[in-house]
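Notes follow once the structure below has been shown.
Since the model is a prediction, treat every value here as computed from it, not as a measurement. Only heavy atoms go into these numbers, but all of them, side chains included; no hydrogens, no water, no symmetry mates. Numbers restart at 1 for each chain; the letters A, B, ... are given by sequence-line order, proteins then strands.
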There are 2 protein chains.
Amino acid sequence: MEANRPDTVTRILDVSERLFVEHGFEATSLRMITQQAEVNLAAVNYHFGSKDALFEAVFTRRLGPLIEACLAELDALEGEKDGPTAEGLVMTFIRPCLALSKDPARGGALFVRLLSRTLVENHRLLRESLSQQYSEFAQRYGVAFQQALPELSLETLSWRMHLAFSVMFNAFAGNDVLKIFMRSQIVTARDPEMIVKHLVPFVIAGLTSPVQE
Amino acid sequence: MEANRPDTVTRILDVSERLFVEHGFEATSLRMITQQAEVNLAAVNYHFGSKDALFEAVFTRRLGPLIEACLAELDALEGEKDGPTAEGLVMTFIRPCLALSKDPARGGALFVRLLSRTLVENHRLLRESLSQQYSEFAQRYGVAFQQALPELSLETLSWRMHLAFSVMFNAFAGNDVLKIFMRSQIVTARDPEMIVKHLVPFVIAGLTSPVQE
DNA sequence: CAGAAATTCGAACAATTGTTTGAAACTTAC
DNA sequence: GTAAGTTTCAAACAATTGTTCGAATTTCTG
């Protein structure tokens with residue numbers, strides 16, 4: 001009947017990804033995970049070693065390919081004749097996030113939400129294990145944006161990049177800060193295309209705004 | 001020696017506010033709180049009733065005055081002769097947040113960080129208890145922005161407000177999404193004035209960007 | 001000062017947490 | 001088919017969790 005269901009490791013990862021997003025790392029117990037994944041309680045410690053290691057495994061499964069996709073887009077853009085524009089650079093980040101959000105096989109928007117959550121929670125996993133590993137990501141974008149927006153000072157550019165990635169992450173994660181207050185006024189459809197339609201112009205405008213002294 | 005230290009309730013609230021920000025709600029135990037606050041373990045349940053009620057108390061202590069300050073600024077702005085501009089509206093939100101961040105007596109930037117964290121975590125407290133209570137906040141800003149940016153469709157305006165408040169919240173909370181990756185490149189000084197210097201132009205540009213079809 | 005009310009205290013409660021263990025079941029290889 | 005290796009299983013582990021209780025203590029009130 002259900003012959004080709006994923007193996008134990010994959011089922012644990014899928015359920016963990018969803019539960020970590022819904023309830024957070026601390027509030028998600030191994031019994032919740034193993035119960036919904038229909039595996040034995042000891043399976044987590046057998047396959048991953050510990051709950052912390054499971055969390056890291058959930059992360060590395062998606063973050064690596066996502067960052068590689070961004071860097072590949074960056075390579076393609078820098079290969080063109082004209083220098084990269086700010087909009088082009090933004091799209092090299094948007095497109096992989098969009099593709100991930102629209103792919104149910106890769107958890108859809110779940111992982112971006114988990115990433116956003118973990119960033120805000122300031123987890124030690126992101127501070128220690130993954131920060132060094134993926135420092136290339138930020139360095140590449142830093143250089144590229146410096147090239148695309150040469151009129152900005154390093155301080156201003158750094159701040160605008162910080163703000164731009166901040167709003168992009170939160171948009172993809174669906175963190176509706178206003179949804180809490182506005183009852184039914186804004187229906188923030190989770191449609192990823194809709195996100196991009198309004199997100200990209202907003203970010204581009206913020207990045208390319210003329211400096212005022 | 002230390003005669004006028006705060007009373008038990010205040011000490012619990014102060015310590016809880018800090019620990020909830022540092023470790024999150026679930027990962028903060030009552031024993032951590034009572035130990036650092038130098039009160040008995042049972043004091044929390046005696047004064048607040050439960051850990052959930054303590055969390056709500058930590059919230060209501062700061063959120064109410066903050067929102068009222070924003071609405072007061074809004075009243076003052078709407079009382080002027082000219083209609084409110086987008087920048088003026090943004091500043092009615094920025095100024096109270098800035099004042100709170102710079103006031104150690106009110107926990108400084110702690111509460112804004114807690115608010116940001118709780119928004120991302122999608123806590124039921126913000127969905128249920130506080131959303132109805134402070135719906136006036138969003139409604140007032142919705143009407144005001146509609147007046148300041150009449151050329152925008154309701155859909156576009158809603159999205160831009162969502163993105164604007166999203167980036168403002170995260171900026172004040174100090175959620176450096178790039179800090180994780182960039183090692184020492186960007187030193188995002190926690191100086192609130194510095195935040196505003198770069199945050200406000202970014203948000204204004206995104207809000208007032210001409211619509212492109 | 002005496003009595004009442006409010007607060008603090010130490011101790012214990014049941015429940016849940018992540019983790020470990022050794023045996024059972026299964027898969028693979030010769 | 002049998003032995004070796006891999007995976008699953010039920011059960012238990014010590015530790016920690018939020019909460020409760022009654023007695024001690026302090027503070028307020030007359």
Side-chain angles (χ1 to χ4, degrees), chain A residues 1-61 114 117-118 121 123-125 128-129, chain B residues 1-61 114 117-118 121 123-125 128-129:
Chain A
M1 31 206 304
E2 40 182 351
N4 54 354
R5 76 168 182 175
D7 62 352
T8 302
V9 171
T10 305
R11 249 179 304 150
I12 292 178
L13 286 175
D14 289 342
V15 171
S16 301
E17 188 174 52
R18 180 169 49 81
L19 290 182
F20 284 155
V21 170
E22 289 179 10
H23 307 99
F25 176 75
E26 307 282 352
T28 303
S29 70
L30 293 184
R31 283 165 180 83
M32 293 168 58
I33 295 173
T34 55
Q35 205 166 324
Q36 296 199 24
E38 297 180 62
V39 300
N40 188 268
L41 169 62
V44 170
N45 285 278
Y46 175 77
H47 286 286
F48 297 96
S50 68
K51 190 188 177 185
D52 284 276
L54 167 64
F55 188 63
E56 186 162 351
V58 169
F59 244 91
T60 51
R61 176 170 72 147
L114 178 62
R117 238 194 118 128
T118 312
E121 287 177 0
H123 252 275
R124 63 190 181 288
L125 171 66
E128 299 165 5
S129 305
Chain B
M1 30 205 310
E2 41 182 354
N4 55 352
R5 75 168 183 178
D7 62 351
T8 302
V9 172
T10 304
R11 248 179 304 150
I12 292 177
L13 286 174
D14 289 341
V15 171
S16 301
E17 188 174 52
R18 180 168 49 82
L19 290 182
F20 285 156
V21 170
E22 288 179 11
H23 308 99
F25 176 75
E26 307 282 352
T28 302
S29 70
L30 292 184
R31 282 163 181 84
M32 293 168 57
I33 295 173
T34 55
Q35 204 166 325
Q36 295 199 24
E38 299 180 59
V39 300
N40 188 269
L41 169 62
V44 169
N45 284 277
Y46 175 77
H47 286 286
F48 298 95
S50 68
K51 190 187 177 186
D52 284 276
L54 167 63
F55 188 64
E56 186 162 353
V58 169
F59 244 91
T60 51
R61 177 171 70 149
L114 178 62
R117 237 193 121 127
T118 311
E121 288 177 359
H123 251 276
R124 64 189 181 290
L125 170 66
E128 299 165 4
S129 305

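Candidate nucleotides D:dT19, C:dT7, C:dT21 were compared by shortest atom distance to the side chain of B:Tyr46, and C:dT7 ranks first. Which of C:dG10, C:dT21, C:dA11 sits closest to the side chain of B:Leu41 comes down to C:dA11. The side chain of A:Arg31 approaches C:dT17 more closely than any other nucleotide in the set C:dT20, D:dT6, C:dT17.
Taking atom CD of B:Glu38 as the reference point, atom C1' of C:dG10 lies 18 Å away to the nearest angstrom. Across the protein-nucleic acid pair, B:Asn40 atom CG and C:dC9 atom P stand 5 Å apart, rounded to whole Å. In this structure, the CG atom of B:Asn45 is 19 Å from the P atom of C:dA12, given to the nearest Å. Look at NZ on B:Lys51: it is 19 Å from P on C:dA15, rounded to the nearest Å. Across the protein-nucleic acid pair, A:Leu30 atom CG and C:dT20 atom C1' stand 13 Å apart, rounded to whole Å. Between the NE2 atom of A:His23 and the P atom of C:dT16 there is a distance of 15 Å, given to the nearest Å.
At a threshold of 4.5 Å between non-hydrogen side-chain atoms, the residues A:Asp52 and A:Phe25 count as touching.
At distances below 3.5 Å, not a single donor-acceptor pair connects side-chain atoms of B:Thr28 with backbone N or O atoms of B:His23. A donor-acceptor pair is defined here as one N or O able to donate and one able to accept, closer than 3.5 Å; no such pair exists between the side chain of B:Lys51 and the backbone of B:Ser29. Between the A:Thr10 side chain and the A:Pro6 main chain, no donor and acceptor come within less than 3.5 Å of each other.
When each of A:Phe25 and B:Ala43 is assigned the nucleotide of DNA chain C bearing its nearest heavy atom, the one mapping closer to the 5' terminus is B:Ala43.
Taking 4.0 angstrom as the limit, B:Ser29 places a side-chain polar atom (N or O) nearer than this to OP1 or OP2 of D:dT17. Within the structure, a side-chain polar atom (N or O) of B:Thr8 is placed less than 4.0 Å from OP1 or OP2 of C:dT8. Between A:Ser50 and C:dG18 there is no side-chain N or O to OP1 or OP2 distance below 4.0 Å. Between B:His47 and C:dT8 there is a side-chain N or O to OP1 or OP2 distance below 4.0 Å.
Between the side chains of A:Gln36 and A:Arg11, no donor-acceptor pair of N or O atoms lies under 3.5 Å.
Nearest heavy atom pair, residue A:Ala53 against residue A:Phe48, reads CB-O, 3.2 Å.
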Secondary-structure string, 5' to 3', Watson-Crick or G-U under 3.5 Å, | for another-strand partners, for DNA chain C: |..|||||||||||||||||||||||||||
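Classification of the A:His123-A:Phe55 ring pair by plane angle, with boundaries at 30° and 60°, yields tilted.
Heavy atoms of B:Thr28 sit under 4.0 angstrom from primed sugar atoms or phosphate atoms, though from no base atom.
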